[in-house]
Each structure stands twice: as C-alpha cells, then as structure tokens.
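Remarks on the structure that follows.
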Amino acid sequence: MTAYWLMKSEPDEVSVDDALAAPKSTVPWTGVRNYQARNFMRDGMRVGDGVLFYHSSCAEPGIVGIARVASTPYPDPTQFDRKSPYYDAAAKREEPRWMLVDVQVVEKTRNLTLPELRSTPELADMLVLKKGNRLSITPVEPAHWKKIVRLLGAKAA
DNA sequence: GCCAACGTTGGC
DNA sequence: GCCAACGTTGGC
C-alpha cells in the first residue's frame, strides 16, 4: 500500500533543481530536527511512496515536483558532524536520534503555489494548509495526491 | 523584518 | 506534571 507525503525544503538549502542535479536525482533528506517529522520518515515511509516536493521560506512557496521515497530509513549523518548546523551533541552513533530517507525526484513540475492550493476546495483539508502548521513532513491523502497530480498535469501517478 | 503559532526546555 | 520562557518555522 503506497502512501503519500509532502516534504518541505528551503530552496536556498536544497531546491528541486539541486535534487535533480544530484546523482540519480536523489538527495538524503538531512536536517529534520522535529520528532513528528522524523517519525514519519523512520516509521511511516516505505520505498516507493509518493512525495510532493515543496519549497518553503521563499518568494513563491508551493509544490514544485513529484518525487519518491528512495531508501529505507538510516541515521542522518549531519547529527554527528560538529561543523554542521544540524549537529546534535546529544546524538550518539550507537544511539542515533535523527533518521532520514533518501528522496528521488521523479519529475519537476510547474510551481503549484500556496495561494493556488488554498483556493482549491478539494484540497482544503490538507494538513499543510492548516492554520499554524509548521511540520516539514506531512502525510497526504490519496484523494489530495490525485487532485494535485492532475492540477500539475504530472505524468507520475 | 514582523509576528502568529507551535515545539522544546527547564525550574519547580 | 505544569507552565513560563525561549527558540523556530514560515508566510507575508
């Protein structure tokens, strides 16, 4: 049973173009330091799950690509890297605190912007649109996924 | 830069 | 376990 997810990335950090330019169009989803979001990656995701690649904290926030979960969960290496902004002194190698998955971009799309998402009645219940939502990873209902893929005219199903 | 909303921390 | 203070997210 394939599940669907929305994953936010700041394009200044990793944009959909950056991901496309990476080997196999695949990037490790580093830097998540929120337990709920971590748990989605660690416990909820399966290889092949659908991902909506979302740009946040930028001029035009929105969904900019279709991707897929491309690995099983493994420890986020940046938690052990003293020079990384994501370094976590409390994380031990024997007992990693932060887990991530690899994400592979399947298709770059147009930007389905936040205002457009908000103005689409069928998408009103999306978690990412809820007031005050700050979660960088949210599950996506199959019906919402289908609607968005249709709005994007994306090939990926 | 502002600020609402939320998560985390730490004293008690 | 409560809750105030603080830090972060993220749209605008």
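Keep in mind the model is a prediction, meaning the values are calculated, not measured. Sequence lines set the chain letters: A, B, ... in the order given, protein chains first and strands last, and positions in each chain run from 1.
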Side-chain donor-acceptor pairs of residues 52-67 of chain A under 3.5 Å, sequence neighbours excluded:
residue: H55(A); atom: NE2; partner: V16(A); partner atom: N; Å: 3.0

Sorted by chain and number, sequence neighbours left out, salt bridge (charged side-chain N to carboxylate O under 4.0 Å, His left out) with R46(A) holds for none
Item checked: Any side-chain heavy-atom pair of Q79(A) and Y86(A) under 4.5 Å -> no
Can you list the residues that meet the side-chain contact (heavy atoms from CB on, under 4.5 Å) rule with [X], with sequence neighbours excluded?
X: K131(A); value: none
X: P142(A); value: Y4(A)
X: R118(A); value: L114(A), L129(A)

Sorted by number, residues from residues 52-64 of chain A placing a heavy atom under 4.0 Å from DNA chain C are Y54(A), S56(A), S57(A), P61(A)
Tracing side-chain contacts under 4.5 Å among Ile, Leu, Val, Met, Phe, Trp and Tyr outward from W98(A) reaches Y35(A)
Residues in residues 124-139 of chain A with a heavy atom under 4.0 Å of DNA chain B, by number, are K131(A), G132(A), R134(A)
So the salt bridge (charged side-chain N to carboxylate O under 4.0 Å, His left out) pairs with at least one residue in residues 132-142 of chain A (sequence neighbours excluded) are none
Residues 69-91 of chain A vs salt bridge (charged side-chain N to carboxylate O under 4.0 Å, His left out), sequence neighbours excluded, gives R33(A)-D76(A), D88(A)-R97(A)
Residues passing the side-chain hydrogen bond (donor to acceptor under 3.5 Å, both in side chains) test with D17(A), sequence neighbours excluded, are K108(A)
Nt span of DNA chain C in reach of chain A heavy atoms at under 4.0 Å, 5' end first, is dG7(C) to dC12(C)
